Asker: 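Take a look at the following structure, please.
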Amino acid sequence: MSAVDTNLLADLEMRGLINQMTSPEDLVQHLREPRTLYCGFDPTADSLHIGSLVPLLVLKRFQQAGHKPLALVGGATGMIGDPSFKAQERKLNDEATINGWVEKLKHQVSAFIEFSDQANSAAVVNNYDWTHNVDVLTFLRDIGKHFSVNQMIQKESVKQRIEREGDGISFTEFTYMILQSYDFSELYNQYACTLQIGGSDQWGNITGGTELTRRRYQGQVFGLTLPLVTKADGTKFGKTESGTIWLDAKKTSQYAFYQFWINTADADVYKFLRYFTFLGEADMVAIEERDKEAQGRPEAQGILAREVTRLVHGEEGLQAALRISEALFSGNLQHLTAADLEQLYQDGMPASATGAEQLTLVEALVTSGLAKSNKMAREFVGNNAVSVNGEKCTQVDTLLSAATGLHGRYHILKRGKKLFHLLRW
RNA sequence: GGUGGGGUUCCCGAGUGGCCAAAGGGAUCAGACUGUAAAUCUGACGCGUAAGCUUCGGUGGUUCGAAUCCACCUCCCACCA
């Protein structure tokens, strides 16, 4: 019960992972003992995306330091929708959908924290459990009474929605803060949970919970928010041209996930190492130093990509991503064996099977999704942007068939510098 | 409820009867240069090999011809109540 790493907050500080804390000095004292903390994840889709990675990893950091993490899945709050810093009212999803998502998130969240029999073993909780049978009158009298509307409308997170003409905020979303506060006080009561972490946008909701807990149970609980992950070029983190980067390998393959991190800008990569890996400070400083001295390609992106992919998809997932990446970007495609190619397919390289006897290059590009119309396909070919099995192909009418493929069965199509597709006959 | 202003191609935004698939910017994509970068330069950017076809909130109408004019509908915004 005493094996607590008291350097935890200093480590978080070094990583730039602390945005705000309630009563910092008290919290430092508080964390000298093993504590229980939580972070909420609302089901807004059937998978979390990398935006949730920072809080997930911080839960893990807390557990490694000897504390007990609770991952809260918002079966209840997900039905309401968090208005914090959202420009517009969100549409509600139906209950069955949300319940399906809740199950997936539970599973996903579980991969990041330990459930073994140790004293600080993690738990997954669902706020639906303690909210679904609270009746309205009880809620209004026992919980609502503790909240001042005057204070609530002062919160930065909803201010713009209230002040801005045109867009408003429904009572439903306005109430979200109360529900989340209720969660915190319930977790305090049921699990002795005394710390909530969350993104910086959660500050208002978290402090609501610390106050409610004090009023209901006279307990002191703490809040700690994490910084919003930003990119140096100002674009939104976690999105690429092709969409959101999900944690679920079915939605974003391990290969695509790995590639996402490999493509991190130099200006962001050292910051991201701190946010997303468990490497020690000395190691990270050394990496940065080495990259600075060596001209040419920095190695930080590769380290980041390997570390994060391993964290999310495990060693196997990482190896799969590496196999594909190495084959496509550094290997000679002609040297791949049939088994190698089959492995790439198994590893989740973008692929499709063709039903046709033969395809023109243009048709192949369109059916593989590498070009969205025939016209675009022709343009790519004309631009010298397409290669087949590692060789530039500039003839629009080139015919592809099983016979022209590698091992009588595969074509590796490449459009531009980094988009690949495996065509199977 | 009243008055006024709007809804244009992924986004912003010009366009007020033919010269409009529709200016300009952004985003995106490709090429060159590179490090599977950044910056820069070049090109593409509704669909179609092309002829041509389909777009400018919706539906009808006027006209040889409409994103542009008319009617109705719908959604949004501002001000007033």
Side-chain angles (χ1 to χ4, degrees), chain A residues 87-89 91 160-161 163-169 230-245 252-273 287-288 290-306 308-309 318 321-333 344 349-350 359-388 390-399 412-422:
Chain A
Q88 289 179 330
E89 184 88 6
K91 82 174 210 304
Q160 66 172 94
R161 287 278 290 279
E163 290 177 354
R164 190 173 148 194
E165 295 285 348
D167 287 313
I169 181 168
T230 55
K231 295 204 296 178
D233 64 6
T235 58
K236 197 171 177 194
F237 172 75
K239 302 260 187 210
T240 64
E241 314 70 51
S242 40
T244 304
I245 304 296
T252 298
S253 71
Q254 293 118 335
Y255 162 71
F257 187 86
Y258 176 86
Q259 286 291 322
F260 169 80
W261 295 101
I262 278 283
N263 285 303
T264 303
D266 293 3
D268 296 317
V269 70
Y270 304 103
K271 179 169 81 174
F272 286 3
L273 277 176
I287 291 164
E288 191 164 356
R290 269 205 303 278
D291 283 346
K292 223 175 270 173
E293 291 187 18
Q295 57 249 56
R297 167 144 230 200
E299 63 176 336
Q301 279 88 345
I303 294 169
L304 176 68
R306 285 194 296 276
V308 184
T309 306
L318 170 61
L322 285 172
R323 274 195 296 272
I324 299 177
S325 298
E326 272 164 29
L328 297 182
F329 289 100
S330 52
N332 185 333
L333 299 180
L344 292 186
M349 175 171 169
L359 292 171
T360 64
L361 183 54
V362 168
E363 288 166 340
L365 288 169
V366 173
T367 53
S368 66
L370 289 177
K372 73 176 165 69
S373 68
N374 290 352
K375 192 180 171 182
M376 290 301 278
R378 282 196 190 85
E379 195 182 306
F380 287 135
V381 176
N383 276 343
N384 209 22
V386 174
S387 59
V388 177
E391 312 239 326
K392 283 281 180 202
C393 192
T394 53
Q395 295 304 311
V396 170
D397 50 5
T398 305
L399 282 175
I412 295 177
L413 303 175
K414 177 185 180 190
R415 189 208 89 198
K417 282 180 184 139
K418 345 181 179 174
L419 267 182
F420 292 90
H421 189 91
L422 183 65

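Just so we're on the same page: letters track the sequence lines, and every chain starts at 1. Owing to the predicted nature of the structure, the values given are computational and were not obtained by experimental measurement.
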Asker: When the P atoms of B:U16 and B:A44 are compared, how many Å lie between them, rounded to an integer?
Answerer: 26 Å
Asker: Mind running side chain to side chain contact (heavy atoms under 4.5 Å, CB included) on A:Cys393 and A:Leu361 for me, showing each step along the way?
Answerer: CA-CA 9 Å; A:Cys393 192; A:Leu361 183 54; 3.5 Å; yes
Asker: Provide the distance between the two C1' atoms, one in B:A50 and one in B:G58, to the nearest whole Å.
Answerer: 34 Å
Asker: Between B:G5 and B:A39, how many Å separate the two P atoms, rounded to a whole number?
Answerer: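 Each nucleotide's P atom is 44 Å from the other's.
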Asker: Paired with B:A44: which nucleotide, if any, by Watson-Crick or G-U wobble criteria at under 3.5 Å for both distances?
Answerer: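 The base-pairing partner of B:A44, which may sit in any strand shown, is B:U28.
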Asker: Ignoring hydrogens and angles, state whether a donor on the side chain of A:Ser325 or A:Gln259 is under 3.5 Å from an acceptor on the partner side chain.
Answerer: yes
Asker: Using atom types as modelled and distance alone, determine if a side-chain donor or acceptor of A:Lys271 lies under 3.5 Å from a backbone N or O of A:Thr230.
Answerer: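 Yes, because the side chain of A:Lys271 sits within donor-acceptor range (under 3.5 Å) of the backbone of A:Thr230.
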Asker: Are A:Asp266 and A:Gln301 close enough that a side-chain donor and a side-chain acceptor fall under 3.5 Å?
Answerer: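 Checked: A:Asp266/A:Gln301 side chains pair up, N/O donor to acceptor below 3.5 Å.
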Asker: Just how far, in rounded Å, is P of B:U36 from CE of A:Met349?
Answerer: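 The answer, rounded to whole Å, is 18 Å.
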Asker: Base of B:U36, side chain of A:Gln301 - is there a donor-acceptor contact under 3.5 Å?
Answerer: no
Asker: Have a look at A:Ser368 and tell me which of A:Glu363, A:Arg415, A:His421 forms a side chain to side chain contact (heavy atoms under 4.5 Å, CB included) with it.
Answerer: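 The side chain to side chain contact (heavy atoms under 4.5 Å, CB included) with A:Ser368 is passed solely by A:His421 among A:Glu363, A:Arg415, A:His421.
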Asker: Side chain of A:Lys375 only, please: which of B:G48, B:U36, B:G31 is the nearest?
Answerer: B:G48
Asker: Report yes if a donor N or O on one partner sits less than 3.5 Å from an acceptor N or O on the other, where the partners are the side chain of A:Lys417 and the base of B:U34; otherwise report no.
Answerer: yes
Asker: What is the separation between atom CZ on A:Phe260 and atom C1' on B:U36, rounded to the nearest whole Å?
Answerer: 15 Å
Asker: Look at the side-chain N and O atoms of A:Thr235 and state whether any lies under 4.0 Å from the OP1 or OP2 oxygen of B:A27.
Answerer: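 So the side chain of A:Thr235 is outside the cut-off, no N or O lying under 4.0 Å from OP1 or OP2 of B:A27.
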Asker: Closest approach to the side chain of A:Ile262, judged atom by atom: which nucleotide of B:U36, B:G35, B:A30 is it?
Answerer: B:U36
Asker: Would you mind reading off the distance between A:Lys414 atom NZ and B:A30 atom P, rounded to a whole angstrom?
Answerer: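 Checked: the NZ to P distance equals 11 Å.
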Asker: Taking the C1' atom of each, how far is B:U55 from B:C20, in whole Å?
Answerer: 11 Å
Asker: Starting from P on B:G35, measure out to CG on A:Asp266 and report it in whole angstrom.
Answerer: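 In whole Å, B:G35 P lies 12 Å from A:Asp266 CG.
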Asker: Calculate the interatomic distance between A:Asn383 atom CG and B:G43 atom P; express it in whole Å.
Answerer: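 Distance, rounded to whole Å: 12 Å.
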Asker: B:A37 P sits how many Å from A:Leu304 CG, rounded?
Answerer: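 Rounded to the whole Å, the gap is 17 Å.
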Asker: Can you tell me the pairing partner of B:A67 across any strand shown, Watson-Crick or G-U wobble, with both distances under 3.5 angstrom?
Answerer: none
Asker: Hey, are the side chains of A:Phe420 and A:Met349 touching, using non-hydrogen atoms and a 4.5 Å cut-off?
Answerer: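 A side-chain contact exists here, since the closest heavy-atom pair is under 4.5 Å.
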Asker: Between B:G61 and B:C79, how far is it from one C1' atom to the other, in whole Å?
Answerer: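 Their C1' atoms lie roughly 33 Å apart.
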Asker: On a whole-Å scale, what distance lies between the P atoms belonging to B:U36 and B:C45?
Answerer: 29 Å
Asker: Find the partner of B:U9: check Watson-Crick (N1-N3 plus N6-O4 or O6-N4) and G-U wobble (N1-O2, O6-N3) distances, both under 3.5 Å, and reply none if neither fits.
Answerer: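 Base partner found: none.
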Asker: Output yes when at least one side-chain N/O atom of A:Arg297 is less than 4.0 Å from OP1 or OP2 of B:U34, else no.
Answerer: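 Result: no.
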Asker: Now, which nucleotide makes the Watson-Crick or G-U wobble pair with B:C79, with each of the two distances under 3.5 Å?
Answerer: B:G2
Asker: Among B:U36, B:G48, B:G35, which is the nearest nucleotide to the side chain of A:Ser373?
Answerer: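 Closest nucleotide among those given: B:G48.
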Asker: How many Å lie between CG on A:Asn374 and C1' on B:A44, as a whole number?
Answerer: 16 Å
Asker: Suppose we call two aromatic rings close when their centres sit under 6.0 Å apart. Are A:Phe272 and A:Phe237 close by that rule?
Answerer: yes
Asker: Please work out if A:Asp233 contacts a base, only the sugar-phosphate, or nothing of the nucleic acid, heavy-atom cut-off 4.0 Å.
Answerer: nothing
Asker: Please report the distance, rounded to the nearest Å, between CZ in A:Arg378 and P in B:G48.
Answerer: 8 Å
Asker: Using the C1' atom on both, measure B:G24 against B:A14 and round to a whole Å.
Answerer: 7 Å
Asker: What's the gap between B:A27 and B:G18 when it is taken at their C1' atoms, as a whole Å value?
Answerer: 33 Å
Asker: Within the structure shown, what part of the strands sits under 4.0 Å from A:Lys372 by heavy-atom distance: base, sugar-phosphate, or nothing?
Answerer: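 Touches sugar-phosphate only.
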Asker: Of A:Phe380 and A:Ala265, whose closest RNA chain B nucleotide lies nearer the 5' terminus?
Answerer: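 Looking at RNA chain B, the more 5' nearest nucleotide goes with A:Phe380.
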Asker: Let me know, please, whether A:Glu379 or A:Arg415 comes out on the 5' side of the other along RNA chain B by nearest nucleotide.
Answerer: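 On the 5' side of the pair lies A:Arg415.
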